[in-house]
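In what follows, every chain begins at residue 1, and chains take the letters A, B, ... in the order their sequences are listed. Since the model is a prediction, treat every value here as computed from it, not as a measurement.
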Amino acid sequence: MTTVNGDMTEQLHDKRTVVIEPAGLDRLIEVLSRQGYEVVGPTLRDGAIIYDRLASTADLPVGWTDEQGPGTYRLRRRGDNALFGYAVGPHSWKKFLFPPALTLWRARQAGESFEMEAETAAEPRYVFFGVRPCELQAMEIQDRVFMKGAHIDPSYRSRRENIFVVAVNCGHAGGTCFCVSMQTGPRATFGHDLALTEVVGNGSHYFVVETGSGAGAEILDDIPHREARDEEIAAADRLLCDTAGRMSRELETNGIRDLLYRNYENPRWDDVAGRCLTCANCTFVCPTCFCHTVEDVTDLDGRHAERRRPWDFCFTADFSYLHGGSVRSSAKSRYRQWMTHKLAAWIDQFGTSGCVGCGRCITWCPVGIDITEEARAIRESER
Amino acid sequence: MMALVAEPKRKPKLAVWKFASCDGCQLSLLDCEDELLAVAGAVEIAYFMEASRSVVKGPYDLSLVEGSITTPHDAERIREVRRVSRHLVTIGACATAGGIQALRNFKDVNDFIAMVYAVPQYIDTLVQSTPVSANVPVDYELQGCPINKKQLLEVIGAFLFGRRPVVPPHSVCIECKTRGTVCVMVAHGTPCLGPVTHAGCNALCPAYHRGCYGCYGPKETPNTASLSRWFGGLGMGEDDIARAFRTFNAWTEPFRKESTAHER
Ligand code: SF4
Ligand code: SF4
Ligand code: SF4
């Protein structure tokens, strides 16, 4: 498993680069399942590629790709049998590590006092099969929030420590991707046990596989593979180079923190507020947003209470509710909070940008608000 | 909020009142089945015509009011209900927004009467269908057409124990994404009112590949104008946009303004 303590550097192991045929990936799923893992990864549902259980590679969106733009997403046939020929969809891995709804404890009345029961459901051990490079960075960012500060979230940690990560380098740049600007892709450089690059076309179909941890190297013993030839490695490298050259969007990050801090009163915030629905879809799909709230509920007889922890969103009025009212009552203040936290305050708080350039918030915003466009408008207003 | 159970040994008295409505929201209470016993254990059901003809005299600790105010008689009766109720909670789109019958508010009610009734002189009705809050002060409004029974139990429980009900006023989108539904607007191009609609239905329609119809009424800070512009981009005509906002919650201010802006 990837190490999650320290700086996410690769575990010391003899790094290897091998080639696996498509059938070898089925074998990989089989071996990991037999070790007690639950394998989850991309699969088709209701016109999109989401993350759910995989029994074999047949459950992957074989031969499909996506067309994405601001506020729009459509599946298309690729015309080949690629297993990973698409970009990220509406789900992210955070739903497994930081579930959208969690019960923290229950309490029962017992005579004059209460009995507390902590939630102790056994966490599944997941294989994340098909993690994109930007998503590895998103996980690293959430690690900083939940595990590397003064307070450690036990639920997150117990899930996080047990995962096996199969990363997939990107041979297809999605219509809203900008990982190159955020320096998070299209190649996985840390945080995985194995990293695959899929090469498909001209009658061949194979995966160039790099090991990223001792566990990744070990599992190769059970998977048919051979050493990668130089030309195969070169073909994979070319592919990733092409993807980097085909980024659909760009976000200039130079001095962005101070830029946004300087522009609290920029009229652009009014402009975006005219479009923003404060619906919170962007924060929901963002793989780094981590806000949550706690709520208490009781039974009608008052003998049973429980505390729940649902996700929370800086786009709702309740989010900033202090005594007597909401501090951020306008859409302007909520959008400004979200973007300024993500791209600026996050740097002060966690030592990294809160954005990995995955493009989800652009695609899944019902009215297509584009964070790269908003940042550009603010920058240009200073010219 | 003061807890109703603060007074020992006496079960709080619950009353359920009906005005102009379809009874669907009251049925949500009967539909509670498993939980109904708990309700009966926690409160004395003192007045609930839909369930029982026996009536316990007021005053009542908690009154649930279904239906809108549409006749002079209603207008009088709701004042009486307010007078005998310690807490008054409206349930459903009719009681909180005027209901589908508030469509009359956009036209001349006499035209409808002439069209529908053979003997119009027997009809005694108000010019508008109004929410309860336009007639008397209300303590809490539970939105939805029909209301969600779990939310109703939550509100009753919260009133019993003097805590704030957990009924988030945010968008349907949050429920939609929480249950993992793929957005029908982004992925299918289907117009959806979810981004401006109050949560509570658990995003039922998008889970069945339909856009949200707005049954739960406006959420907090609904930006209906922006959503309408996007609907236009999806190919919806002005009439259809006006109609989308003119259903069960047509008379709420945000939806009323939006439908009127697209009316020709
Ligand atoms: S802010 Fe948008 S592009 Fe950046 S990580 Fe979040 S969802 Fe992806
Ligand atoms: S930016 Fe888009 S997704 Fe985010 S709250 Fe505003 S309208 Fe919703
Ligand atoms: S389907 Fe409708 S309710 Fe669901 S996220 Fe999309 S716009 Fe919101």
Between [options], which shows the greatest number of heavy-atom pairs under 4.5 Å with chain B?
options                      : result
A:Pro90, A:Pro100, A:Gly71   : A:Gly71
A:Pro99, A:Ala48, A:Ala317   : A:Ala317
A:Phe315, A:Phe313, A:Trp311 : A:Phe313
A:Ala280, A:Cys276, A:Ala331 : A:Cys276

When you compare the side chain of [Y] with that of [X], does any pair of heavy atoms fall below 4.5 Å?
X        : Y        : value
A:Asn281 : B:Lys177 : yes
A:Asp296 : B:Arg163 : no
B:Pro169 : A:Asp318 : yes
A:Arg334 : B:Thr221 : yes

How many angstroms lie between [atom1] in [X] and [atom2] in [Y], if you round to the nearest 0.5 Å?
X        : Y        : atom1 : atom2 : answer
B:Phe161 : A:Asp301 : CZ    : CG    : 6.5 Å
B:Leu153 : A:Thr298 : CG    : OG1   : 11.0 Å
B:Ser226 : A:Ile369 : OG    : CD1   : 6.5 Å
A:Ile50  : B:Thr181 : CD1   : OG1   : 10.0 Å

Legend entry - Part of A:Ser329 within contact of chain B (heavy atom distance under 4.5 Å): backbone
Inset, instruction - Can you tell which part of A:Asp66 gets under 4.5 Å to a heavy atom of chain B, answering side chain, backbone, both or neither? - result: neither
Inset, instruction - Tell me, yes or no, whether the heavy-atom count around B:Arg229 atom CZ, taken from other residues, nucleotides or ligands under 6.0 Å, exceeds 12. - result: yes
Inset, instruction - Step through the shown structure and confirm whether more than 12 heavy atoms of other residues, nucleotides or ligands are within 6.0 Å of CZ on B:Arg179. - result: yes
Under 3.5 Å: donor-acceptor pair, side chain of [X], backbone of [Y]:
X        : Y        : result
A:Trp364 : B:Cys183 : no
B:Asn223 : A:Gly274 : yes
B:His209 : A:Asp46  : no
A:Arg275 : B:Leu227 : no

Inset, instruction - Specify which of B:His188, B:His170, B:Glu35, B:Glu154 makes the most heavy-atom pairs with chain A at under 4.5 Å. - result: B:His188
Inset, instruction - Considering only heavy atoms and a distance below 4.5 Å, find which of B:Cys173, B:Ser171, B:Ala187 pairs most often with chain A. - result: B:Ala187
Inset, instruction - Might you point out which heavy atoms bring B:Trp230 and A:Val367 nearest each other, and give the distance in Å? - result: CZ3-O, 3.2 Å
Inset, instruction - Over all heavy atoms of both residues, which pair between A:Cys365 and B:Val186 is shortest? Give the atoms and the distance, please. - result: O-CG2, 4.2 Å
Inset, instruction - Check whether the side chains of B:Lys219 and A:Thr316 place a donor and an acceptor atom closer than 3.5 Å, and report yes or no. - result: no
Inset, instruction - Tell me, for B:Val39 versus chain A, whether the close heavy atoms (under 4.5 Å) come from the side chain, the backbone, both or neither. - result: both
